[in-house]
Amino acid sequence: MGDIESYKPVIVMVVMQFTYGVVSITTRASLLEGMNPRVFVFYRQAIATLIVAPIAYFSRSKTTRCCIGWKSFWLIFIAGLIGITISQMIFLEGLYLASSSAGSAIFNLVPAITFVAASIIGYEPINIRSLRTMAKIFGTIVCVTSAAAMALIKGPKLLNANLPSSNSLLLNSTEFDNLWLLGCLCIFGSSCCWSFWLIIQVQVTKSYPDHLSLSAWMCFITTVQSGTIILFTDPHLEAWKVTSYFQMGSLLYAATAGSGISIFAQSWIVQKRGPVFSAMFNPLNTVIVTIFASIFLREQIYVGSVVGAVGIVIGLYVVLWGKAKDLEEMKEQQEKKMMLSQKDQTDVVRIMVDEANLEEPLLPKQTNKF
């Protein structure tokens, strides 16, 4: 039983990577069918709101309820706008213009982008003489260089596929030869937005610590945001139509498995093994998506994209190694602080006992005089 318990996080992470892979493939299939990418984001967030909001409402106890203030509201609004609404919309544009495998591979840049942004803001300490800092810098350079090579140096095409007409805002205004590059840039921009979302979560969770209720508010606010954007970009009612059962199924699956269930699974994994363990399985998603997308969607796969994806994975693991060393040092420092605090408490108790022992012989003498 003990061995099974130790393997549970690994099993859950492998299942989650297959889940994310299915979400990526079914989403792109829906876009190829003619589904509007911005409407897809709206319906996905709306369904997620209907799922998460009741759970958040009935699971909260009277003692843990948080009241959302103006500061919390604006933090959630900004985080949702950049990290979810804009991030998902440009990601789906890139997913359609490039490929599912490119989307999965380039999104592995998130840890490296987050490291750079956090270093600029001051959340991530940089010590040039430290081996782990050098590893994170080197891994970031490898990731970015590989992503650039993936976008710019395509090489021979391994599979041929032409994009059908769609509701993309960029397809009709761009030459076909530049679609791959534009799609990769969209996915890179989405990765930057998601990195911003990860960084701003520090302030958001401090302001509103109820995580389940925060998820519900985030889903609701991003639903309103995406709906407002659609009113300007696609004012006609035809854009809101879901034309097939497959599109409806992909929406429900993306909202439930891709958003709802994954939130709880990822939280459990981070609690059990930490964030680095969770991020280590991301490259598995790239492999899964590339294999199944080439089989079922007949996606374009280039030699340059394969080489770039391998480079991104190598850089990712180098960055994660540096982060793992940071976590080990933080744990050691916390353990030292706990040991010092326990030692201080022991010293205080010993001093109090010694003082009591010194006063005890004097007390009987004072009472005998009276």
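Here the structure is a predicted model, which means the values were calculated and not measured.
Each of Leu50 and Tyr43 belongs to its own hydrophobic cluster when Ile, Leu, Val, Met, Phe, Trp and Tyr are linked at side-chain heavy-atom distances under 4.5 angstrom. In terms of hydrophobic clustering, with Ile, Leu, Val, Met, Phe, Trp and Tyr side chains grouped at heavy-atom distances under 4.5 Å, Leu198 and Leu75 are assigned to a common cluster. Under the 4.5 Å side-chain heavy-atom criterion for Ile, Leu, Val, Met, Phe, Trp and Tyr, Ile120 and Ile137 are members of the same hydrophobic cluster. Hydrophobic clustering places Leu182 together with Phe188 (ILVMFWY residues linked when any side-chain heavy atoms are closer than 4.5 Å, directly or through intermediates). Residues Phe196 and Ile113 share a hydrophobic cluster, clusters being chains of Ile/Leu/Val/Met/Phe/Trp/Tyr side chains in contact below 4.5 Å.
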task = Let me see the working for Trp321 and Leu131 under side chain to side chain contact (heavy atoms under 4.5 Å, CB included), right down to the final yes or no.
result = CA-CA 10 Å; Trp321 180 86; Leu131 179 61; 3.8 Å; yes
- Message: Evaluate Met35 against Leu251 for side chain to side chain contact (heavy atoms under 4.5 Å, CB included), listing each step before the verdict.
- Response: CA-CA 10 Å; Met35 182 76 182; Leu251 278 170; 3.8 Å; yes
Fill in: Trace of the side chain to side chain contact (heavy atoms under 4.5 Å, CB included) decision for Val289 with Tyr20
CA-CA 9 Å; Val289 170; Tyr20 294 145; over 6 Å; no
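A distance of 12.5 Å separates CG of Leu185 from OG of Ser190, quoted to the nearest 0.5 Å. Here the straight-line distance linking atom CD1 of Ile106 with atom OG of Ser191 works out to 7.0 Å at 0.5 Å rounding. Between the CZ atom of Arg38 and the CG atom of Asp234 there is a distance of 4.0 Å, given to the nearest 0.5 Å. Distance OG1/Thr233 to CE/Met89: 6.5 Å, rounded to 0.5 Å. We find the NZ-OG1 distance between Lys136 and Thr133 to be 5.0 Å, quoted to the nearest 0.5 Å. The distance from atom CD of Gln247 to atom CG of Leu31, rounded to the nearest 0.5 Å, is 8.5 Å.
Note on ring orientation: taking the six-membered ring where Trp is involved, the planes of Phe73 and Trp70 are perpendicular (angle over 60°, cut-offs 30° and 60°). Note: Phe220 and Trp217 have perpendicular aromatic rings, judged against thresholds of 30 and 60 degrees for the angle between ring planes.
Across all non-hydrogen atoms, the minimal contact from Trp240 to Val39 is CA-CG1, 4.1 Å. For the pair Ile90 and Gly189, the tightest heavy-atom approach, listed with the atom from each and the gap, is CD1-C, 3.6 Å. Residue Val23 comes nearest to Arg44 through the heavy atom pair CG1-NH1, 4.3 Å, listed as atom of the first residue, atom of the second, then distance. Annotation for Ile187 and Ala102: closest pair CD1-C, 4.0 Å, computed over non-hydrogen atoms. The minimum heavy-atom distance between Thr256 and Leu252, with the atom names listed, is OG1-O, 2.6 Å. Heavy atoms only, all atoms of each residue included: Ile312 and Ala105 are closest at CG2-O, 3.4 Å.
Between the Arg132 side chain and the Lys325 main chain, no donor and acceptor come within less than 3.5 Å of each other.
Looking only at side-chain heavy atoms (C-beta outward), Ile82 and Ser87 stay at 4.5 Å or farther from each other. By the 4.5 Å heavy-atom criterion applied to side chains, Val14 and Leu284 are counted as neighbours. Side chains of Val204 and Trp197 form no contact here, defined as non-hydrogen atoms less than 4.5 Å apart. In this structure, Ser250 and Thr27 have side chains that are not in contact, with every pair of non-hydrogen atoms separated by 4.5 Å or more. The shortest distance between side-chain heavy atoms of Pro37 and Val41 does not fall below 4.5 Å. Annotation: side chain of Tyr57 is not in contact with side chain of Ser213 (no heavy-atom distance under 4.5 Å).
Scored by the ring-ring contact (aromatic ring centres under 6.0 Å, His included) test, Phe115 finds no partners at all (sequence neighbours excluded). Take Lys241 and apply the side chain to side chain donor-acceptor pair (under 3.5 Å) test, not counting sequence neighbours, and it matches Glu238. Residues passing the side chain to side chain donor-acceptor pair (under 3.5 Å) test with Thr145: none are found, sequence neighbours excluded. The side chain to side chain donor-acceptor pair (under 3.5 Å) check on Ser24 picks up nothing, with sequence neighbours excluded. Under the side chain to side chain contact (heavy atoms under 4.5 Å, CB included) criterion, Phe246 pairs with Thr26, Ala29, Ser30, Glu33, Ser244, not counting sequence neighbours. Among residues two or more places apart in sequence or in another chain, the side chain to side chain contact (heavy atoms under 4.5 Å, CB included) test is passed with Ser101 by Ser99, Thr290, Glu299. Listed by chain and residue number, Phe107 satisfy the ring-ring contact (aromatic ring centres under 6.0 Å, His included) test with Phe91 (two or more places apart in sequence, or in another chain). With sequence neighbours excluded, the residues satisfying side chain to side chain donor-acceptor pair (under 3.5 Å) with Ser207 are Ser72. For Val12, the side chain to side chain contact (heavy atoms under 4.5 Å, CB included) partners at least two apart in sequence or on another chain are Met16, Ala265, Trp268, Ile269.
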For residues 221-230, tabulate all N or O donor-acceptor pairs below 3.5 Å that involve a side-chain atom, not counting sequence neighbours.
| residue | atom | partner | partner atom | Å |
| --- | --- | --- | --- | --- |
| Thr222 | OG1 | Gln45 | NE2 | 2.9 |
| Thr222 | OG1 | Met218 | O | 2.7 |
| Thr222 | OG1 | Cys219 | O | 2.9 |
| Thr223 | OG1 | Gln45 | O | 3.2 |
| Thr223 | OG1 | Ala46 | N | 3.3 |
| Thr223 | OG1 | Thr49 | OG1 | 3.4 |
| Thr223 | OG1 | Cys219 | O | 2.7 |
| Gln225 | OE1 | Leu81 | N | 3.2 |
| Gln225 | OE1 | Thr85 | OG1 | 2.8 |
| Gln225 | NE2 | Phe77 | O | 3.0 |
| Ser226 | OG | Thr222 | O | 2.9 |
| Ser226 | OG | Thr223 | O | 3.0 |
| Thr228 | OG1 | Val224 | O | 2.8 |

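Taking Ile, Leu, Val, Met, Phe, Trp and Tyr as hydrophobic and joining them when side-chain heavy atoms fall under 4.5 Å apart, one finds Val310 in a cluster with Ile314.
Summarising the local packing, CG of Leu231 is surrounded by more than 12 heavy atoms from other residues, nucleotides or ligands at distances under 6.0 Å.
Applying the side-chain hydrogen bond (donor to acceptor under 3.5 Å, both in side chains) rule to pairs touching residues 102-118 yields Ser104-Asn285, Ser104-Thr286, Asn108-Thr286, Thr114-Ser195, sequence neighbours excluded.
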